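Written out below as structure tokens is the structure these notes cover.
Predicted model only: the values in this text are computed from it and were never measured. Read the numbers this way: they start at 1 and go in the same order the structure lists the ligands and their atoms. When a residue number appears, it is its place in the shown sequence, counting from 1.
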Amino acid sequence: MTDKKEIRKIGVLGCGLMGSGIAQVAASNGYEVVVMEINEEVLNKGLGRITKNLDRMVSKGRLSDAGKDEIMGRLSGTRQLADLAGSDMVIEAVVENLDIKQDIWRKLDQLCPSNTIFASNTSSLKISLQAEATSRGDRFVGLHFFNPVPMMKLVEVIRTDETSDETHAAAMDFSRALGKDPITCVDSTGFVVNRLLTPYLLDAVRALERGIASVEDIDKAMRLGCGHPMGPLALMDFIGLDTVLYISNIMLEEFGEPSCAPPKLLSEMVSQGKLGKKSGQGFYSY
Ligand code: CAA
């Protein structure tokens, strides 16, 4: 990368749970943020979620009303991809579909200056497959955040064989500027967290299927026995059962290991629309 520039303007693609979280954290840390979402309802819901989170901080005395207004003043929503053209870095958090991601990157590659860094928040798709759709493999990096983004300190920074040292350093610096504590990881399916977390979550479902203990007791075991903030079944409800199923299938395809094979109960729940918290029903009712 020859023409390095300071990162001040962030474009965020997608205003779902992850996109809105990333947009909130970036705007809260002084960045100008434009968040693009094609679906108006999702956009409004995501912006509403940010307002609600900031309101909660105001009510707890952690943020002033003026501070909240400043953050909201740095944040805007759009339905036009072209509005991301002025970004120094674009972070995508759209649906986990490679064709859709590649299509968006192909268009943005034309719209953005050559020194704009592209980053993907994918939890499971290889970063290099997305970078292939652009002419800026050296300025393409993975930035994997965790849910809830405002609370979780980790960002996995994923480098492909092509990611330049400068882009990697910029991604690490940016993560730290958001108050996060990043790690570096190679471009391997599941990166670090999902590679370890997914077999563990699937094992909890297998334990439930085999009648080892109740939903409540499996979760209690890991909370009280291992100090986890949430038990595995509650965590799956929180992440979304469809997302866990999706990630496990990708890992199964890649590694072929039985530990990654989704248990029957998980597939059944997803096909019945029991997706966890977002659908009102998962291992628990909401
Ligand atoms: N958005 C923003 N803030 C939230 C929040 C949300 N959805 N949920 C909770 N919080 C905040 C609360 O406001 C509260 O803030 P303060 O401390 O400032 O008051 C704080 O989190 C604690 O909340 P609670 O007391 O209500 O609940 P808790 O102590 O149980 O914490 C939690 C909630 C942070 C979610 C905690 O349970 C936790 O860490 N759970 C594990 C989450 C996890 O493992 N996430 C990773 C999932 S994997 C992933 O994301 C990647 C992937 O690819 C699948």
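Atom 48 (S) of ligand 1 is approached by the protein to below 4.0 angstrom, counting heavy atoms only. The presence of a protein heavy atom under 4.0 Å from atom 32 (C) of ligand 1 is ruled out. Distance remark: protein heavy atom present below 4.0 angstrom from atom 38 (C) of ligand 1.
In terms of protein heavy-atom proximity, atom 20 (C) of ligand 1 is closest to M151 CE, 3.5 Å. When hydrogens are left out, the protein atom nearest atom 6 (C) of ligand 1 is P148 CB, 3.4 Å; that is the closest non-hydrogen contact. Among protein heavy atoms, the minimum distance from atom 3 (N) of ligand 1 is reached at R56 NH2, 3.1 Å. Atom 36 (C) of ligand 1 has as its closest protein heavy atom P229 CB, 4.0 Å.
Among residue pairs with one or both ends in residues 26-45, those qualifying as ring-ring contact (aromatic ring centres under 6.0 Å, His included) are Y31-F174; sequence neighbours excluded.
Residues Y200 and M222 have side chains in contact (heavy-atom distance under 4.5 Å, counting atoms from C-beta outward). At a threshold of 4.5 Å between non-hydrogen side-chain atoms, the residues L178 and V155 do not count as touching.
Within ligand 1, the atoms closer than 4.0 Å to a non-hydrogen atom of S123 are 53 (O), numbered from 1 in the order shown. In the vicinity of N194, heavy-atom distances shorter than 4.0 Å reach the ligand 1 atoms 52 (C), 53 (O), 54 (C).
Other cluster members for M251: I247, F255, joined by side-chain heavy-atom distances under 4.5 Å among Ile, Leu, Val, Met, Phe, Trp and Tyr.
Between H144 and ligand 1, at least one N/O pair is under 3.5 Å apart.
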